**Student:** 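Handing you this structure, nothing more for now.
Nothing here was measured: the structure is a model prediction, and the numbers come from that model. Worth knowing before you read on, the calculation uses all heavy atoms, side chains too, and leaves out hydrogens, waters and symmetry mates.
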Amino acid sequence: MTYDIAAIRSQFPALAAGTAHFDGPGGTQTPRRVIRAVADAMSRPLSNRGRTAPGERNADAIVVGARAAMADLLGADPAGIVFGRSATQLTYDFSRTLATTWRPGDEVVVTRLDHDANIRPWVQAAARAGATVRWAGFDPATGELTADDIRAVLSERTRLVAVTAASNLIGTRPPVAEIARLAHEVGALCHVDGVHYAAHTLVDLGQLGADFFVCSAYKFLGPHHGVLAARPELLRTLHPDKLLPATDAVPERFELGTLPYEFLAGTTAAVDFLAGLDPSATGTRRGRLAAAFTALAGHEDSLRTRIDKGLSALGGITIHSRAADRTPTLLLTFEGRSTTDAYGFLAERGVHAPSGSFYALEASRHLGLGDTGGLRVGLAPYNDAEDVDRLLAGLAEFLTR
């Protein structure tokens with residue numbers, strides 16, 4: 001198909017402000033369809049879930065629809081979709097629940113590549129349980145985290161492996177399926193941070209082998225909340241702290257308090273928007289999502305190639321995103337120049353490419369960048385060649401001023 005970027009961009013009201021957005025890894029802009037879905041949900045009768053009054057039925061339909069949409073996006077069972085305030089909150093909740101089964105001498109594996117939201121909850125939970133934390137490094141020269149890096153820190157005492165499916169800092173996509181298989185061979189569970197991954201790659205929970213997979217709707221054009229996917233039968237073995245009157249059904253037993261119904265309506269709309277990126281695709285929503293992500297990958301790869309060529313012509317730039325398999329996300333530093341200054345300079349010219357370590361503190365330190373990190377350039381479905389040219393022109397001006 002031809003990726004109709006003009007038609008896609010026309011659906012994002014925020015783009016009318018004129019900013020070239022390269023901040024997608026931190027959160028995407030919102031299409032009109034999602035905005036309408038949120039407004040529509042709040043404009044109609046809305047109550048706590050039930051099947052009696054209209055507001056109850058509306059709320060129930062929204063939740064059921066959102067579980068089905070996220071199941072299609074993640075290749076999961078709707079009965080295994082858990083909603084929460086954020087991916088960080090969900091990871092903390094599940095870390096506390098799982099840690100009740102850990103004992104002194106048990107081991108938990110985390111990686112230097114991960115966002116801190118897939119490190120600190122496990123480190124803190126392990127400390128409370130008396131478990132040992134084992135750290136897996138990655139190659140700072142290539143940005144690669146391999147299965148061998150994980151294998152080196154596994155043992156028969158490993159109870160959980162926490163790993164990212166894609167680094168939000170440098171884009172590296174580790175071999176999650178192989179890592180999950182290694183974890184399972186020693187009897188451990190595998191918790192995967194898919195927040196950055198799900199924005200660029202169609203997820204298949206079964207193929208990945210992840211026991212738990214978390215993502216955030218606002219990273220793929222939706223509202224601000226988190227999603228966790230797992231097998232329903234696994235969820236039934238876990239018993240989180242909850243209020244006495246709250247249901248013990250799965251997945252509801254993990255959803256504390258009333259869900260943000262309007263945001264769940266927006267999430268369904270975001271999944272449907274993604275499924276329509278290839279207007280020629282037909283069939284099930286899952287099938288249309290597969291075609292859409294293929295088209296999106298082609299579009300983002302072409303823009304990333306354009307950026308790579310432009311950066312190579314500038315000089316004085318180090319690109320820290322070097323893995324063979326990675327998302328269209330680049331971390332840059334500049335010889336003798338501050339990335340914070342570059343961030344401000346570009347912003348004055350209507351180009352949003354932020355600077356920092358973006359909560360991937362361990363990764364930034366492992367790359368030798370301390371807590372400062374670098375300038376992150378991340379692509380989203382609405383970026384176009386003109387955005388890229390504005391970015392490159394801004395960087396060229398910054399480097400020669």
Side-chain angles (χ1 to χ4, degrees), residues 23-28 69-76 80-82 86-88 90-91 110-119 136 138 143-147 150 161-181 183 190-222 225-230 267 270-271 274 277 286 289-290 292-301 304 321 323-331 358-360 363 376-381:
D23 57 330
T28 51
M70 287 306 306
D72 283 345
L73 184 68
L74 303 181
I81 298 295
V82 179
S86 65
T88 301
L90 286 166
T91 303
V110 296
T111 89
R112 301 286 181 191
L113 186 65
D114 271 83
H115 186 290
D116 211 55
N118 202 31
I119 296 175
F138 67 94
E144 301 278 8
L145 172 71
T146 69
I150 301 296
V161 175
V163 65
T164 185
S167 165
N168 73 306
L169 188 67
I170 57 174
T172 300
R173 285 188 280 224
V176 170
E178 188 175 358
I179 290 169
R181 179 181 58 78
C190 184
H191 184 281
V192 175
D193 175 357
V195 171
H196 187 58
Y197 183 88
H200 301 283
T201 309
L202 186 65
V203 179
D204 188 315
L205 189 66
Q207 287 186 2
L208 282 179
D211 296 294
F212 307 99
F213 183 97
V214 293
C215 59
S216 299
Y218 73 101
K219 300 299 177 73
F220 51 82
L221 315 180
H225 72 89
V227 184
L228 180 142
T267 294
V271 173
L274 288 169
L277 289 179
R286 178 69 179 178
L289 282 164
F293 272 90
T294 297
L296 176 60
H299 175 70
E300 290 181 334
D301 284 347
R304 186 178 69 180
S321 303
D325 186 5
R326 56 189 171 91
T327 65
T329 302
L330 296 89
L331 187 73
F358 308 101
Y359 282 75
R376 185 176 66 182
V377 175
L379 296 175

**Student:** Using the test side chain to side chain contact (heavy atoms under 4.5 Å, CB included), find all partners of Asp23 that sit at least two apart in sequence or belong to another chain.
**Tutor:** His21, Gln29, His352, Pro354
**Student:** Is the shortest side-chain heavy-atom distance between Ser167 and Phe138 below 4.5 Å?
**Tutor:**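 Of all side-chain heavy-atom pairs linking Phe138 with Ser167, none is under 4.5 Å.
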**Student:** Any donor-acceptor pair under 3.5 Å linking the side chain of Thr172 with the backbone of Gly143?
**Tutor:**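 Checked: pair present.
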**Student:** Show the nearest heavy-atom pair for residues Glu300 and Pro381, with the distance to one decimal.
**Tutor:** OE2-N, 4.0 Å
**Student:** Taking the side chain as everything from C-beta on, heavy atoms only, tell me whether Ile170 gets closer than 4.5 Å to Leu113.
**Tutor:** yes
**Student:** Suppose the criterion is salt bridge (charged side-chain N to carboxylate O under 4.0 Å, His left out): which pairs have a residue in residues 194-208, not counting sequence neighbours?
**Tutor:**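 Pairs touching residues 194-208 that pass the test: Asp204-Arg286.
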**Student:** Quick one: which residue pairs count as a salt bridge (charged side-chain N to carboxylate O under 4.0 Å, His left out) with a foot in residues 163-176, not counting sequence neighbours?
**Tutor:**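 Only Arg173-Asp325 qualify under salt bridge (charged side-chain N to carboxylate O under 4.0 Å, His left out).
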**Student:** Just jot down the side-chain hydrogen bond (donor to acceptor under 3.5 Å, both in side chains) partners of Thr146, sequence neighbours excluded, or say none.
**Tutor:** Asp149
**Student:** Please enumerate all residues that pass side-chain hydrogen bond (donor to acceptor under 3.5 Å, both in side chains) together with His225, with sequence neighbours excluded.
**Tutor:** Thr267
**Student:** If the condition is side chain to side chain contact (heavy atoms under 4.5 Å, CB included), which residues does Ala162 pass it with, not counting sequence neighbours?
**Tutor:**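 Ala162 satisfies side chain to side chain contact (heavy atoms under 4.5 Å, CB included) with Val110, Asn118, Trp122, Leu160 only.
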**Student:** Looking at side-chain heavy atoms only, is the closest gap between Phe293 and Leu73 below 4.5 Å?
**Tutor:**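 Of all side-chain heavy-atom pairs linking Leu73 with Phe293, at least one is under 4.5 Å.
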**Student:** Answer yes or no: are there more than 12 heavy-atom neighbours, outside Phe358 itself, under 6.0 Å from its atom CZ?
**Tutor:** yes
**Student:** What residue among Leu208, Leu202, Thr327, Asn168 forms side-chain contact (heavy atoms from CB on, under 4.5 Å) with Tyr197?
**Tutor:** Leu208
**Student:** Answer yes or no: is there a side-chain heavy-atom contact under 4.5 Å between Val192 and Val163?
**Tutor:** yes
